[in-house]
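In the text below, chain A, chain B and the rest are named by the order of the sequence lines, each starting its count at 1.
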There are 2 protein chains.
Amino acid sequence: MKPIEEKERYTLSKIVSDNLRQYIIEKKLKTGEKLPAERELAKMMEVSRVMIREALRSLESTGIIVIRHGEGAFVNTNDSSVILNHLLYFWKLNNDKMNELLELRHVLEKAAIEQIILSAKVDHLKELENIIDRMKETSDTKKFQEYDIEFHSCLIKATENDLFAQLTDIIAEYFSSISHSQMDQAERNKTVNEHQLIVEAVKQKNKQLALQILKEHLEYSKKYILIK
Amino acid sequence: MKPIEEKERYTLSKIVSDNLRQYIIEKKLKTGEKLPAERELAKMMEVSRVMIREALRSLESTGIIVIRHGEGAFVNTNDSSVILNHLLYFWKLNNDKMNELLELRHVLEKAAIEQIILSAKVDHLKELENIIDRMKETSDTKKFQEYDIEFHSCLIKATENDLFAQLTDIIAEYFSSISHSQMDQAERNKTVNEHQLIVEAVKQKNKQLALQILKEHLEYSKKYILIK
DNA sequence: CTGCCTAAGTGGTAAGGCCATCGTTCCTTT
DNA sequence: AAAGGAACGATGGCCTTACCACTTAGGCAG
């Protein structure tokens, strides 16, 4: 499948970038820890600052570090959302099938609902109801959509699976980036109502019902997005 | 240059890199096509060559382009192996994410089984049985593991969702890359047996049972991987 | 103590130069 | 004429110097 790239990867910046990866592993740097300054790294590795910078850019674009102007470069080894985003970009470039994204979202949320019913934690339910209340109160469409995303995001948190959460976030972000259509009051009421029904069903531990409503809910927003 | 910032995407090199991505999309550049020379891009975008280079490095490390010394930068929109490698690196960095991967695999396969039972297509079942037969016959451990992957891959195909299939492939590749342990005959028999039970349950449209066996099956391979 | 302000540290950007590599052209040699 | 090789131009690789922009912390004035 992959012929082990025997291509010459001699270029200094790549070597430096690999060295930095190694450095992070060896020093066991965890998320949040700071890397030495560019000028310092340049001295350490005996290369110009330019090379250090190109290497850092490389690491940054794969999400291994984040660079903050005036502060420094910080390790980030447990949030793979940056790279997942690039993966999404690739996937979009080749086979842009929104359906499949929505299906992924669907199975993830199904898993979340099952998890909540199983674990019987009330925390998430409380938070979900909280969000629903806020949705009812706001009249700002933008805020409303934010709450909507927050609701589904909160749902996913129940799985306690960061990967699921990141995937969901990316998908949500993607769709909110391509759809700028406005919801009228009726649509908003419908959304709130469905959210509420889901929470109710979950509370009663009625898995069948909860999943059924979820399906309809997502089916609806699917149409909504595709029509756009 | 138009800094359409909303967050802190101030940095020129990021803007340039985004512009280049946009450039590739707008010009509909396909794999293999060449980008303008660095010095030329610098003039076009009215920035220094340093910025262009940093942006190119960025794109290169996400696999969107490949840079060849003395030749130029070439678009690469269908080979995502580079970015997959980074993703694998990420997961290897924190093994505790393995669980999350296995869970993702689980929900995807659950979806597949439900789909097969619903659609009642016999093609997939035939193919699955075919693979099982081959698993029984082979004595080569390596082949056996390949068939194992093929089985699960074939299962996913039932969803007719390329995204699901790709995700599954990625996960499978990850685990086969970190686990080189050998299976003894008993373990292999168990694996084959479980596969068979799953197919049987699906044939009888017994969703509950099929999902239950799948769960145990994955639970088992999970232990198997973690012990390693 | 509060608040402003400066200075040091750090990343961001620029300009210019030279080296290394690849492809092409064209000339030499056989 | 064909094969080989030398030269050139285009392009990426790398370095140096210099300066700008942002952030934080520490000192000074109120």
Side-chain angles (χ1 to χ4, degrees), chain A residues 5-21 23-24 27 29 31-76 82, chain B residues 1-21 23-24 27 29 31-76 82:
Chain A
E5 44 194 275
E6 62 287 337
K7 291 276 185 177
E8 14 185 318
R9 41 200 331 270
Y10 286 136
T11 67
L12 235 192
S13 70
K14 281 182 191 170
I15 295 175
V16 170
S17 124
D18 284 344
N19 284 156
L20 284 175
R21 272 197 199 80
Y23 179 89
I24 292 174
K27 294 263 183 180
L29 297 187
T31 297
E33 293 197 61
K34 187 173 169 302
L35 253 51
E38 292 180 353
R39 292 169 175 83
E40 201 170 332
L41 285 172
K43 272 186 186 165
M44 283 169 52
M45 302 198 177
E46 295 179 306
V47 297
S48 76
R49 210 182 132 208
V50 180
M51 291 301 99
I52 297 291
R53 284 182 58 75
E54 286 188 9
L56 288 178
R57 281 268 166 265
S58 245
L59 298 188
E60 190 192 26
S61 72
T62 60
I64 295 175
I65 63 172
V66 294
I67 302 176
R68 287 202 286 270
H69 192 172
E71 296 183 65
F74 300 84
V75 176
N76 184 338
V82 172
Chain B
M1 238 28 20
K2 47 193 87 167
I4 316 167
E5 42 72 57
E6 40 192 341
K7 295 188 180 178
E8 310 174 17
R9 343 190 52 232
Y10 281 96
T11 67
L12 237 190
S13 68
K14 280 184 191 168
I15 297 174
V16 170
S17 131
D18 284 344
N19 285 154
L20 283 176
R21 269 199 202 80
Y23 179 89
I24 291 173
K27 293 261 182 179
L29 297 188
T31 296
E33 293 198 60
K34 187 172 169 304
L35 254 52
E38 292 180 354
R39 293 170 174 83
E40 203 171 329
L41 285 172
K43 269 185 188 165
M44 283 169 52
M45 302 197 177
E46 295 178 303
V47 299
S48 76
R49 207 181 136 208
V50 181
M51 293 300 100
I52 297 290
R53 283 183 59 77
E54 286 188 9
L56 289 177
R57 282 270 167 261
S58 208
L59 298 187
E60 189 190 27
S61 72
T62 61
I64 296 176
I65 64 173
V66 293
I67 302 176
R68 287 202 287 269
H69 192 173
E71 297 183 63
F74 301 84
V75 177
N76 181 339
V82 174

**Q** Below 4.0 angstrom, N of the basic side chain to O of the carboxylate: do A/Lys27 and A/Glu33 qualify?
**A**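 So A/Lys27 does not pair with A/Glu33 through a salt bridge.
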**Q** Of the nucleotides D/dT11, C/dG11, C/dA20, which has the atom closest to the A/Glu38 side chain?
**A**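 That would be C/dG11.
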**Q** To the nearest angstrom, how far is A/Glu54 atom CD from C/dG11 atom P?
**A** 16 Å
**Q** By nearest heavy atom, map A/Arg39 and A/Glu71 onto DNA chain D; which one lands nearer the 5' end?
**A** A/Arg39
**Q** Indicate whether OP1 or OP2 belonging to C/dG11 is found under 4.0 Å from a side-chain N or O atom of A/Arg57.
**A** no
**Q** Nearest whole angstrom, please: distance from the P of D/dA10 to the CG of B/Leu41.
**A**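 Going from CG in B/Leu41 over to P in D/dA10 covers 17 Å.
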**Q** Decide, yes or no, whether a salt bridge links A/Glu60 with A/Arg57 under the criterion of side-chain N to carboxylate O below 4.0 Å.
**A** yes
**Q** If you only use heavy atoms from C-beta on, which nucleotide in C/dT13, D/dC14, C/dG12 is closest to the side chain of A/Ile67?
**A**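 Closest nucleotide among those given: C/dG12.
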**Q** Tell me: CD1 of B/Ile15 to C1' of D/dA21, nearest whole Å?
**A**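 Spelled out: CD1 on B/Ile15 to C1' on D/dA21 is 14 Å.
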**Q** CD1 of A/Ile65 versus P of C/dG11: gap in Å, rounded?
**A**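 It is 10 Å, rounded to the nearest whole Å.
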**Q** Taking everything shown except A/Lys34 itself, do over 12 heavy atoms lie less than 6.0 Å from its NZ?
**A** yes
**Q** Which nucleotide, D/dT24, C/dA15, C/dG12, lies nearest any side-chain atom of B/Val50?
**A** C/dA15
**Q** Looking just at side-chain N and O atoms, do B/Ser17 and B/Ser58 make a donor-acceptor pair shorter than 3.5 Å?
**A**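 Side-chain D/A pair, B/Ser17 to B/Ser58: absent.
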**Q** Does the base of D/dG13 carry an N or O that pairs as donor and acceptor with the side chain of B/Arg49 under 3.5 Å?
**A** yes
**Q** Compare side-chain N and O positions of A/Arg53 against OP1 and OP2 of C/dG12 and report whether any pair is under 4.0 Å apart.
**A**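 The answer is yes; a side-chain N or O of A/Arg53 sits under 4.0 Å from OP1 or OP2.
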